[in-house]
Amino acid sequence: MQLPFPVTQDPDHQSLEKGRLLFAGETEFVKGVVAMSGLPDPDRMEVCFAGRSNVGKSSLINALTGRKGLARASNTPGRTQEINFFTAGESHYLVDLPGYGYANAPVPVVEKWQRLLKQYLSGRQTLRRAFVLIDARHGAKKVDEEILSLLDSAAVTFQVVLTKADKVKEKEREKVLDQVRNALSKHPAAFPELVVTSSEKGWGIPTLRSIITDLT
């Protein structure tokens, strides 16, 4: 039976409050990692965020944490090829994976990034979920298929988060949701619910906080 991939329902008050409290705590940049040997100790639960370049990943992380300048976007390939770790309270890491999809990135840079990403996804026992960001204006692209297949092969549960939902009208947004659902039906590691967000408007941010907080 094909999963319908509904949009996640609003959490109850208790779950919302847990999420608010987690992200109201101390949040800070820990380090940028370019090799597995540089990973911080796996002493807390972590979630990671992946998405093609300019999908709004930095804006989403900043909205989650309430810190505008915490995650910084870069449009320069090669400057973004690090795995960046941030703390969320005393219990979580938020992990910002390098943006993918640069057509003009040097081949060695892309290959190095892919190796590091595969090693991280396959070998990080404290990783509870990957959030794959997809632009609500464009839907799932061929380049997204590569990361989704990689998550399948690494047996890492991933959940799709639509970004910039305020930039499209509701009718168009429904078309994109259907296209994303169709794409996800081919991926066994996909979590069967979607999150619709707008970092600018704050849509879906409390829901995403609650999802992260409730992971065990």
Side-chain angles (χ1 to χ4, degrees), residues 7-8 10-11 15-34 39-40 44-102 113 117 120 124 126-138 144 147 158-168 173 176 191 194-215:
V7 173
T8 299
D10 292 337
S15 185
L16 285 170
E17 183 63 9
K18 282 172 61 181
R20 186 192 70 79
L21 288 173
L22 173 66
F23 286 93
E26 190 70 26
T27 304
E28 59 184 23
F29 174 68
V30 178
K31 65 190 303 189
V33 174
V34 296
L39 292 176
R44 55 174 71 195
M45 183 189 302
E46 59 195 64
V47 296
C48 68
F49 298 85
R52 64 181 180 268
S53 306
N54 302 319
V55 75
K57 187 153 50 68
S58 296
S59 297
L60 183 72
I61 292 173
N62 291 339
L64 282 170
T65 61
R67 299 268 302 279
K68 286 186 178 181
L70 184 68
R72 292 184 176 87
S74 172
N75 290 325
T76 307
R79 287 180 57 191
T80 58
Q81 307 306 310
E82 293 184 350
I83 298 177
N84 291 309
F85 282 77
F86 304 89
T87 58
E90 298 181 356
S91 57
H92 287 65
Y93 279 131
L94 306 179
V95 185
D96 183 10
L97 300 179
Y100 54 84
Y102 281 112
W113 174 80
L117 183 59
Y120 167 72
R124 193 67 170 171
T126 46
L127 178 62
R128 291 294 180 268
R129 185 168 298 175
F131 293 99
V132 179
L133 279 53
I134 290 178
D135 194 320
R137 299 171 298 179
H138 307 304
D144 294 310
I147 191 76
F158 68 84
Q159 186 165 10
V160 163
V161 177
L162 264 69
T163 61
K164 306 183 183 183
D166 61 307
K167 306 298 184 187
V168 291
R173 195 159 63 236
V176 171
F191 187 80
L194 306 174
V195 186
V196 177
T197 68
S198 163
S199 298
E200 192 173 305
K201 302 290 187 182
W203 299 351
I205 300 302
T207 297
L208 191 51
R209 287 172 177 160
S210 297
I211 291 170
I212 294 169
T213 308
D214 287 342
L215 291 172

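Because the structure is a prediction, the values reported are computed rather than measured.
With hydrogens and angles disregarded, a donor-acceptor distance shorter than 3.5 Å links the side chain of Arg209 to the backbone of Leu64. In this structure a side-chain-to-backbone donor-acceptor pair under 3.5 Å is present from Thr87 to Glu28. Side-chain N or O atoms of Arg44 include none that pairs as donor or acceptor with a backbone N or O of Tyr93 at under 3.5 Å. Remark: side-chain polar atoms of Ser199 are not paired, donor with acceptor, to backbone N or O of Ala63 under 3.5 angstrom. The backbone N or O of Thr27 lies less than 3.5 Å from a partner atom in the side chain of Arg67, making a donor-acceptor pair. In this structure a side-chain-to-backbone donor-acceptor pair under 3.5 Å is missing from Thr197 to Trp203. One N or O on the side chain of Lys57 and one on the backbone of Leu97 form a donor-acceptor pair closer than 3.5 Å.
In terms of heavy atoms, Val33 sits closest to Pro40 at CG2-CD, 4.3 Å. Smallest separation of non-hydrogen atoms from Arg173 and Ala165: NH1-O, 3.0 Å. Smallest separation of non-hydrogen atoms from Leu16 and Ser210: CA-OG, 3.3 Å.
Expressed to the nearest 0.5 Å, how far CD1 of Ile134 lies from OG1 of Thr163 amounts to 9.0 Å. How far CG of Asn84 is from OG of Ser58: 8.5 Å, rounded to the nearest 0.5 Å. With values rounded to the nearest 0.5 angstrom, Leu60 atom CG is found 10.0 Å from Ser198 atom OG. Here Ile61 contributes atom CD1 and Leu133 contributes atom CG; the two are 8.0 Å apart, rounded to the nearest 0.5 Å. Here the CZ-CG distance, from Arg20 to Leu22, works out to 11.0 Å after rounding to the nearest 0.5 Å. Rounding to the nearest 0.5 angstrom, the gap separating the CE atom in Met45 from the CZ atom in Arg128 is 5.0 Å.
Scanning for side chain to side chain contact (heavy atoms under 4.5 Å, CB included) contacts around Thr126 gives Pro42, Glu46, Arg124, with sequence neighbours left out. For Tyr120, there are no ring-ring contact (aromatic ring centres under 6.0 Å, His included) partners two or more places apart in sequence or in a different chain.
Using a 4.5 Å heavy-atom cutoff, the side chains of Val176 and Val168 are not in contact. Side-chain contact between Leu215 and His92 is absent, with no heavy-atom pair separated by less than 4.5 Å. The side-chain heavy atoms of Phe131 and Val195, taken from C-beta on, include no pair separated by under 4.5 Å. Counting heavy atoms from C-beta on, the side chains of Val47 and Leu94 come closer than 4.5 Å.
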side-chain contact (heavy atoms from CB on, under 4.5 Å) between Asp135 and Arg52, worked out: CA-CA 9 Å; Asp135 194 320; Arg52 64 181 180 268; 3.8 Å; yes

Verdict with reasoning, Phe49 to Val55, per side-chain contact (heavy atoms from CB on, under 4.5 Å): CA-CA 11 Å; Phe49 298 85; Val55 75; over 6 Å; no

Worked check of side-chain contact (heavy atoms from CB on, under 4.5 Å) between Phe86 and Thr65: CA-CA 10 Å; Phe86 304 89; Thr65 61; over 6 Å; no

Steps toward side-chain contact (heavy atoms from CB on, under 4.5 Å) verdict (Thr213, Leu21): CA-CA 9 Å; Thr213 308; Leu21 288 173; over 6 Å; no

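For Asp214, the CG atom sits in a packed shell: over 12 heavy atoms of surrounding residues, nucleotides or ligands are nearer than 6.0 Å. Other residues, nucleotides and ligands contribute more than 12 heavy atoms inside 6.0 Å of the NZ atom of Lys31.
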